[in-house]
Amino acid sequence: MLKNPVLDQRLSEAEASAVCSVLVTRLGGSYSRLLTIKLAGMESDETFKWFVAAVLLGSPVRAGSALAAYRALQSRDLLEPRRLAAVEDSVLIDILLAAGVTGYTRRIAATLRLAVESLVTEYDADLNRLHFFAEDGNDLVRRLCRLGRKVPRRAVNLFLREMRGVWDKAHPGLSGAAVEAARCLGIVDGSVSEGDAAEDLHATWDRTSHPGRTYADFEVALVRLGENYCEMRRCILCPMGKLCISRTTDLKERL
């Protein structure tokens with residue numbers, strides 16, 4: 001339902017494709033792509049790298065600090081389950097602090113190390129085994145959340161968002177922030193439900209060509225736009241400018 005709720009008319013496929021392309025270009029694609037983590041091959045070591053990054057990005061710190069922390073672990077060759085599980089908390093805390101993770105540092109370090117320790121003990125250090133043993137999508141979420149003392153649901157959702165299309169049981173619900181952003185851009189109907197919005201967004205993306213990009217890039221870009229601009233009503237600073245229907249009602253000006 002590619003409907004512009006302001007003009008009460010549908011966007012053409014060309015218009016929707018243009019909006020999607022501009023969105024991903026301006027907001028950036030998936031975090032795994034940014035970190036050059038190759039998930040498509042479903043290799044255990046790459047999946048684990050993304051899990052570590054997702055736990056850091058899903059913690060209550062700035063994304064820049066979380067990314068810096070990931071790269072610090074990478075530079076110390078700690079992106080391997082058994083090596084990371086064996087690191088003392090004090091060492092991990094120092095690494096996070098040096099990377100700029102200055103809030104909730106001890107909690108983040110403990111969550112990460114205990115989750116990895118649990119992964120080693122329960123699933124032979126292989127997240128793909130965890131996925132294999134999960135009965136369905138809901139059980140997959142439960143198993144991920146139960147690693148260690150508890151992996152935050154935000155981190156699990158972030159992890160699964162980019163595993164969509166890689167793991168067949170990875171189908172987290174569409175973020176409310178992504179729905180809000182899609183509504184503001186006029187890609188979906190302003191009154192559409194989250195379930196229907198997910199279906200519409202998939203269809204919109206699949207109908208058009210986006211060389212070198214995946215649906216995960218699109219969804220992550222929508223989440224960034226929604227969380228950082230739409231939900232906070234930071235319209236003046238919005239990188240999508242006139243492409244947002246809340247700022248203009250002239251469709252020709254938008255594209």
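The first residue of the sequence shown is numbered 1, and numbering continues consecutively from there. Side chains included, hydrogens not; waters and symmetry mates left out as well; all remaining heavy atoms used. Given the structure is predicted, the values throughout are model-derived calculations rather than measurements.
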With [X], which residues qualify under side chain to side chain contact (heavy atoms under 4.5 Å, CB included), at least two apart?
| X | result |
| --- | --- |
| Val166 | Leu39, Met42, Met163 |
| Arg149 | Arg107, Ala110, Thr111, Leu114 |
| Ala98 | none |
| Thr102 | none |

Residue pair [X] / [Y], side-chain heavy-atom distance below 4.5 Å:
| X | Y | value |
| --- | --- | --- |
| Phe48 | Asp126 | no |
| Cys184 | Met240 | no |
| Arg71 | Leu35 | yes |

Give a yes or no on whether the backbone of Ala18 and the side-chain of Ser21 come within a donor-acceptor separation of less than 3.5 Å. no
Leu140 backbone acceptor or donor facing Lys169 side chain under 3.5 Å: no
For Tyr215 and Trp205, take the angle between the two ring planes, folded into 0 to 90°, and tell me which bin it lands in: parallel under 30, tilted 30 to 60, perpendicular over 60. perpendicular
Can you tell me how far CZ of Phe218 sits from CD1 of Ile187, rounded to the nearest 0.5 angstrom? 4.0 Å
Rounded at 0.5 Å granularity, tell me how far OG in Ser175 sits from CD in Glu219. 8.0 Å
Does the side-chain hydrogen bond (donor to acceptor under 3.5 Å, both in side chains) test come out yes or no for Asn138 and Arg142, once each step is laid out? CA-CA 6 Å; Asn138 291 331; Arg142 285 193 293 270; 5.7 Å; no
Evaluate Asp139 against Phe133 for side-chain contact (heavy atoms from CB on, under 4.5 Å), listing each step before the verdict. CA-CA 9 Å; Asp139 188 38; Phe133 286 116; over 6 Å; no
Within one Ile-Leu-Val-Met-Phe-Trp-Tyr cluster: Val156 and Leu174, side-chain cutoff 4.5 Å: no
So if you build clusters from Ile, Leu, Val, Met, Phe, Trp, Tyr with side-chain heavy-atom gaps below 4.5 Å, do Val179 and Leu160 land together? no
Which side-chain hydrogen bond (donor to acceptor under 3.5 Å, both in side chains) pairs, counting each pair once, include a residue from residues 48-62, with sequence neighbours left out? Glu46-Lys49, Arg62-Ser65
Which residue pairs satisfy the salt bridge (charged side-chain N to carboxylate O under 4.0 Å, His left out) criterion with at least one member in residues 83-98, sequence neighbours excluded? Asp77-Arg83, Asp89-Arg113
State, to 0.1 Å, how close [X] and [Y] come at their nearest heavy-atom pair, and which atoms those are.
| X | Y | answer |
| --- | --- | --- |
| Ala155 | Val55 | CB-CA, 3.9 Å |
| Val120 | Ala85 | CG2-CB, 4.2 Å |
| Cys20 | His210 | CB-CE1, 3.9 Å |
| Leu185 | Leu243 | CD2-O, 3.6 Å |
| Ala170 | Pro172 | C-CD, 3.6 Å |

With [X] via side-chain hydrogen bond (donor to acceptor under 3.5 Å, both in side chains) - residues at least two apart:
| X | result |
| --- | --- |
| Arg76 | none |
| Tyr123 | Arg143 |
| Glu122 | Ser118 |

For Leu97, what are the other residues in its hydrophobic cluster, where any two members join if their side-chain heavy atoms are less than 4.5 angstrom apart? Ile93
Any salt bridge between Arg82 and Asp124, counting N to O under 4.0 Å? yes
Validation: residues 220-231 side-chain donor-acceptor distances under 3.5 Å, sequence neighbours left out:
unit_1 : atom_1 : unit_2 : atom_2 : d
Arg224 : NE     : Tyr31  : OH     : 3.4
Arg224 : NH1    : Leu27  : O      : 2.9
Arg224 : NH1    : Gly28  : O      : 2.9
Arg224 : NH1    : Gly29  : O      : 2.8
Arg224 : NH2    : Gly29  : O      : 2.9
Glu227 : OE2    : Arg154 : NH1    : 3.3
Asn228 : ND2    : Arg224 : O      : 3.1

Step through the shown structure and confirm whether more than 12 heavy atoms of other residues, nucleotides or ligands are within 6.0 Å of NZ on Lys38. no
Please identify each residue that fulfils ring pair (Phe, Tyr, Trp, His ring centres under 6.0 Å) with His171, with sequence neighbours left out. none
